[in-house]
Amino acid sequence: MSTVSLLVKERLLDPVLEVLSTALFGFRALVVALRFPYPGDVIALLSRLLITSIPVVMAVAFAAGAMLTVQAAASLSLIGGGPFSGTIVGLGGVREVFPLLAAAAVAARTGAEFASALGAMRVSQQIDALEVMGIDPFRLLVAPRVWACVLGTPFCVVVSNTTGIVGSFLVGVLQLGIDRGSMWQHLMMSVHIGDLTTGVFKGAILGFLIGVVATREGFETTGGSKGVGRATNRAVVRSMIAVCLASLMLTYVIYGKQVLG
Amino acid sequence: MSESAAMPEGAIVLDHVTKSYGDRVILDDVSCSIPSGQTTVLLGPSGTGKSTLIRLAVGLAAQEKGDVIVLGKNVQSLERKELLKLRQRFGMLFQDGALFGSISVADNIGFPLKHVAKKPAPEVDARVQELLELVGLPGVGGRTPDALSGGQRKRVALARAIALEPEIVFFDEPTSGLDPQTSASIDALINEMQARLGLSFVVITHDVQSAGAIAHQVGMLFGGKLLAYGPKDEVFASTDPTVRGFLDREPNL
């Protein structure tokens, strides 16, 4: 094979095939998950997701809320519009940044955990053992994890929005000296109930993507313990990319008309 | 090859099976009939397609040519649901046990009873205790698999494999990684289980001594070809130079 065709295969064909293969896996996961198998496992996995992801979500959302406020205030104070930093946090934070950070935290914390757990099961033949017992590992292992992400990520988005707004408010009032009432008014004025419900919907979509990407990477692990490490790494990187691209697309679908006309 | 018309009707029939991974041919036109109610050992050095043969039989891999008939069903032509149903008539002991590390020994053994047979908890518990005694490990049900020795893990895996009273039990290198005494005890356990339960056991191994201790039938795989297949004594008396070369490396045969 020539260098050019090898490059085309590696850089173009293989990634396209990977995306298609993940899409097929996602479709199968969706079909199986719709039957809601093993609800007890879903609850256990969901609880673990919330317990492990929420501290991370709170930390990053608080910091992001604070940083957005500092930067927004720094720019707006030049024209005397410091309190309007609340509006920017309300719009950009609640609509985009906080849901994205929540999904990223779930991908990093829970996606990695799911990929490594399934990867370890794959390389130690535990998934083969399930198959030979006549148990569909897709129903037992993949579907409950995808459900846990679909149900857990929206909750993390709500926590992220709340913590981000609190971070913004505290930094705005306590550190930047913006009037408390004015800051609160600008924060709340820009956030509509529709933005919050959209965030929850977005969280479910992003959660589905995280669940599919992470379980697929774990489920199809090869190459022993090194392979588990590689699968875990790929799960985080690829679910982050999937989350960012999906978030971008959702922004265009949901807010495109409103902003672009 | 001494396969003959007198062979009992096969629990597993391989008919001109060929399997490759990329350019590498793993099984090359392999045919044989593995009888019911006996222990059949597929012997050969590493990388000769022994594990692949089991993976084809249980439907974890697919061949390019030929047919694999298990318990009268052509494995490759089955729908996924039918395949999962057929697999409920198998048990398999994987090389490293493939026990679920996050649950106890008792839960591992009870897993197929609970998830496949949907037995009520008291019935599962009673059967788990019975199986633990059968494999010589009473009282370890509360431990996790990582607290067991290699030999104990194989025994637990065997208990799980026979929990649903399957018709065929596959063993993937049951004595690999074990010391000679533990290997001998696993061989004795396989013989005891076979005699007591009368199931079809299919064992793949490169351990000639172990094959000599447990086999009724022996198949010798080499370079993807089934060089010899038939009753143990016949195969072990083979004059084929490749078969002899492999068997004679084992001094205690």
Side-chain angles (χ1 to χ4, degrees), chain A residues 1 9 14 24-25 27-29 31-32 35-45 47-49 52 110 113-145 148 218-225 227-228, chain B residues 21 51-52 54-61 70 75 78-103 108-118 145-146 153 156-158 160-164 166-173 202:
Chain A
M1 203 181 267
K9 185 186 171 299
D14 287 351
L24 270 178
F25 188 94
F27 179 72
R28 192 175 162 203
V31 171
V32 176
R35 290 180 218 144
F36 204 65
Y38 301 100
D41 289 4
V42 174
I43 291 167
L45 289 161
S47 311
R48 184 156 171 76
L49 180 151
T52 56
T110 304
E113 192 177 307
F114 286 174
S116 65
L118 294 191
M121 289 186 79
R122 171 61 78 193
V123 298
S124 62
Q125 295 186 300
Q126 292 174 44
I127 293 179
D128 286 346
L130 288 171
E131 286 268 9
V132 177
M133 278 180 215
I135 296 168
D136 184 356
F138 225 83
R139 287 188 74 222
L140 181 71
L141 302 174
V142 175
R145 283 171 173 79
F219 204 74
E220 296 184 359
T221 300
T222 53
S225 52
V228 177
Chain B
Y21 286 115
S51 295
T52 300
I54 285 195
R55 292 181 73 80
L56 294 178
V58 299
L60 287 175
V70 181
V75 175
L78 293 176
E79 298 274 320
R80 182 155 171 81
K81 255 189 181 171
E82 290 174 309
L83 180 61
L84 288 174
K85 208 169 175 192
L86 177 67
R87 284 175 179 159
Q88 292 171 12
R89 296 164 71 187
F90 308 155
M92 183 155 172
L93 191 151
F94 286 84
Q95 196 164 345
D96 294 316
L99 297 173
F100 307 126
S102 57
I103 58 177
N108 263 282
I109 298 171
F111 201 88
L113 297 163
K114 186 179 164 195
H115 290 273
V116 179
K118 315 274 184 205
D146 58 8
R153 275 202 293 274
V156 171
L158 177 57
R160 187 177 70 180
I162 60 173
L164 289 177
E167 290 161 65
I168 304 174
V169 183
F170 296 95
F171 296 76
D172 187 357
E173 302 277 5
V202 180

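Nothing here was measured: the structure is a model prediction, and the numbers come from that model. Sequence lines set the chain letters: A, B, ... in the order given, protein chains first and strands last, and positions in each chain run from 1. All values below were derived from every heavy atom in this structure, side-chain atoms included, with hydrogens, water molecules and symmetry-related copies excluded.
Judged as a salt bridge (charged side-chain N to carboxylate O under 4.0 Å, His left out), and not counting sequence neighbours, R28(A) has no contacts.
Judged as a salt bridge (Lys or Arg N to Asp or Glu O under 4.0 Å), not a single pair has a partner in residues 92-101 of chain B (not counting sequence neighbours).
For L140(A), the part lying near chain B is the side chain, with the backbone staying farther off; criterion is any non-hydrogen pair under 4.5 Å. At a 4.5 Å heavy-atom cutoff, the contact between L99(B) and chain A is made by backbone atoms alone.
For the pair V132(A)/F170(B), no side-chain contact is recorded, criterion being any heavy-atom separation below 4.5 Å from C-beta on. Residues F138(A) and R80(B) fail the side-chain proximity criterion, which asks for heavy atoms closer than 4.5 Å. Side-chain contact between E131(A) and R87(B) is present, with at least one heavy-atom pair separated by less than 4.5 Å. F94(B) is not listed as a side-chain neighbour of Q126(A), based on a closest heavy-atom distance of 4.5 Å or more.
Atom CZ of F36(A) sits in a crowded spot, with more than 12 heavy atoms from other residues, nucleotides or ligands closer than 6.0 Å.
Remark: L130(A) CG to F100(B) CZ distance equals 4.0 Å, nearest 0.5 Å. Put simply, CG on D128(A) and CG on D172(B) are 10.0 Å apart, with the number rounded to the nearest 0.5 Å.
Nearest approach of A129(A) to R160(B), heavy atoms of both residues: CB-NH2, 3.7 Å.
Looking at K81(B) and D136(A), no side-chain N of the basic residue comes within less than 4.0 Å of a carboxylate O on the acidic one, giving no salt bridge.
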